[in-house]
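Below is one structure; the comments refer to it alone.
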Amino acid sequence: MKRYLLLLLTVTLGLSVRAQDRCDIIPAPKAYEEMPGAFRLRSAAVEADPAFAETAADLSARLAAVTGLKTAKPAAIRLVRVEGLPEEAYRLEVTQQQVTIEATDPAGAFYGVQSFLQLLPAQVYGDKRAKGVRWTAPCCRVEDRPHFPYRGMHLDVGRYFMPKETVMRFIDLMAMHKQNMFHWHLTEDQGWRIEIKKYPRLTEVGAWRPFTADYKDENPDGTPHGGFYTQDDVREIVEYARRRFVTVIPEIELPGHASAAIAAYPQLSCNPDAPHAVATSWGVKTDVFCPNAFTFQFLEDVFTELFDLFPSPYYHIGGDECPKDAWMESDYCKDLMKVLGITDFHELQTFFVRRMDSFLRAHGKTVIGWDEILDGSAVESTVVMSYRGHAPAAKAIQRGMKTILVPNRWTYLDYYQMDPALEPKAQSLYLPIDKVYNYFPAVDSLRTLSDEYIIGYECCVWGEYAQTPERVEYLAFPRAVAAAEVAWCDRGEKDWDSFYRRMRKEFGRLDAKGVRYNRALHDEMFNGGTAYREIPGQLQWKEQ
Ligand code: ACM
């Protein structure tokens with residue numbers, strides 16, 4: 001009787017589940033049709049249109065490495081170029097005999113391959129041969145394309161330097177989930193992380209601090225910290241990302257968050273004779289770039305070196321949290337304001353940002369800035385990253401500016417993901433995975449315009465509590481997987497129960513890749529716990 005009831009329940013539930021909910025692909029594809037039978041992998045050979053050759057070679061190498069199969073012809077896996085599919089779209093058909101991925105552009109073919117990999121056993125994500133695995137994929141037809149063209153992840157390496165290998169792994173995990181914009185927060189008060197040949201002191205001096213204290217300048221840890229990426233490291237990372245259809249967007253913070261640069265070159269400050277040091281504690285600092293000739297020359301030189309390293313069409317110039325104290329005390333700034341005919345120090349920031357914006361635009365770049373760039377008369381071609389909720393996005397849209405939604409309460413992955421009692425110290429807001437998942441990036445009051453002006457969405461891994469590579473992965477995963485689905489799916493397409501079910505296999509993939517995700521969260525999710533769910537009305541944990 002019990003068994004009969006169970007069967008009845010399964011059949012009833014099964015009927016109510018949408019077709020695409022049955023597959024294991026994350027982010028969920030637009031359409032998934034199950035077909036009978038399974039494809040059995042017998043060779044690691046992949047045949048491809050020349051436009052998709054790199055993706056085919058990478059797939060073939062991965063299959064050979066984990067399965068031990070040879071690349072014997074004829075290939076049963078084919079990447080075929082067709083005309084007329086939208087950008088980044090693909091079709092995937094798995095039959096008992098073969099696997100066919102069709103796309104118009106190489107990114108589409110790459111995404112088709114990512115979906116196919118997810119249909120295989122999770123061990124396909126390992127880095128060595130997996131024995132005793134049946135290498136099959138269920139027969140199916142998938143049609144898919146992304147909702148947003150900008151599907152980002154941000155990583156702050158200014159607070160704590162992360163090794164090159166950690167950055168590449170982060171990018172690899174993004175690509176596996178069809179995220180395509182890596183926002184690399186490279187400069188901070190606490191560290192300048194990129195080699196600039198013309199200004200060697202940036203990394204000789206600006207990349208190092210003698211110890212790290214907390215927000216209140218208390219509890220110094222007594223441990224020197226530092227590190228930076230050489231230009232060769234950057235080239236390697238950008239190439240690694242390119243092969244995975246991830247654009248690397250450099251962020252150089254200006255005019256604020258500049259203590260490390262100023263410690264290296266005090267002429268960048270309005271008061272070069274005062275003592276300047278790389279910051280050793282968190283919080284917003286008053287050492288900001290002075291809008292003088294040395295600074296503008298410096299910044300143009302820095303960006304000129306970056307142009308050779310980062311082909312990205314987008315460049316991020318920060319623009320957030322710039323206290324005006326140093327400018328207010330500076331006779332130079334007061335005189336400059338008279339010449340410019342302005343009386344408000346916010347307008348001086350506008351002058352600063354507009355000047356750098358023009359320089360970058362003249363070099364064919366589209367500038368992204370945090371939403372403070374709206375405080376003055378921002379240039380319309382600038383893309384606004386709305387992080388202080390949705391009001392800045394609304395303002396940007398009304399001014400006809402493109403916007404990326406990064407509202408902190410839904411996207412900052414340095415917030416607690418569970419009850420703080422169960423977690424290491426994090427920022428004191430609360431962002432459980434189902435809250436990340438259930439968010440749709442839009443300004444509800446401006447629905448039609450939202451569709452036109454919101455180009456994407458990203459989640460941020462800020463660094464104050466991401467001291468090690470392990471902590472970066474712990475904060476990011478599994479919430480970054482939810483973020484990938486948020487960016488990929490259309491409005492109304494997401495379904496938490498489906499996502500929850502698909503996360504079982506996903507954790508297997510993350511295990512195969514050795515990702516050090518939040519294990520306690522996994523255990524809560526799959527052992528009947530509720531600590532991973534949003535508690536209605538609870539936005540903020542009290543500081544412990
Ligand atoms: C920010 O959180 N200051 C962008």
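These numbers were taken from a predicted model, which means no experiment stands behind them. All ligand and atom numbering here is 1-based and tracks the order in the structure.
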I'd like a table of donor-acceptor pairs (distance under 3.5 Å, sequence neighbours excluded) in which one partner is a side-chain atom from residues 331-341, with atom names and distances.
residue: Tyr332; atom: OH; partner: Pro291; partner atom: O; Å: 3.0
residue: Lys334; atom: NZ; partner: Met328; partner atom: O; Å: 3.3

Under a 4.0 Å threshold between the charged nitrogen and the carboxylate oxygen, would [Y] count as salt-bridged to [X]?
| X | Y | answer |
| --- | --- | --- |
| Glu188 | Arg209 | no |
| Glu506 | Arg509 | yes |
| Arg145 | Asp490 | yes |

So what's ligand 1 close to, N/O to N/O, under 3.5 Å?
residue: ligand 1; atom: 2 (O); partner: Tyr412; partner atom: OH; Å: 2.6
residue: ligand 1; atom: 3 (N); partner: Asp320; partner atom: OD2; Å: 2.7
residue: ligand 1; atom: 3 (N); partner: Glu321; partner atom: OE1; Å: 3.3
residue: ligand 1; atom: 3 (N); partner: Glu321; partner atom: OE2; Å: 3.4

Item to complete: Test the Arg355-Phe359 pair against the cation-pi criterion, namely NZ or CZ under 6.0 angstrom from the six-membered ring centroid and within 45° of the ring axis.
Response: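 Not flagged: Arg355 not positioned over aromatic ring of Phe359.
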Item to complete: Report yes or no: is the cationic atom of Lys494 (NZ for Lys, CZ for Arg) under 6.0 Å from the centre of the six-membered ring of Phe440, at an angle within 45° of the ring normal?
Response: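 So Lys494 doesn't make the cation-pi contact.
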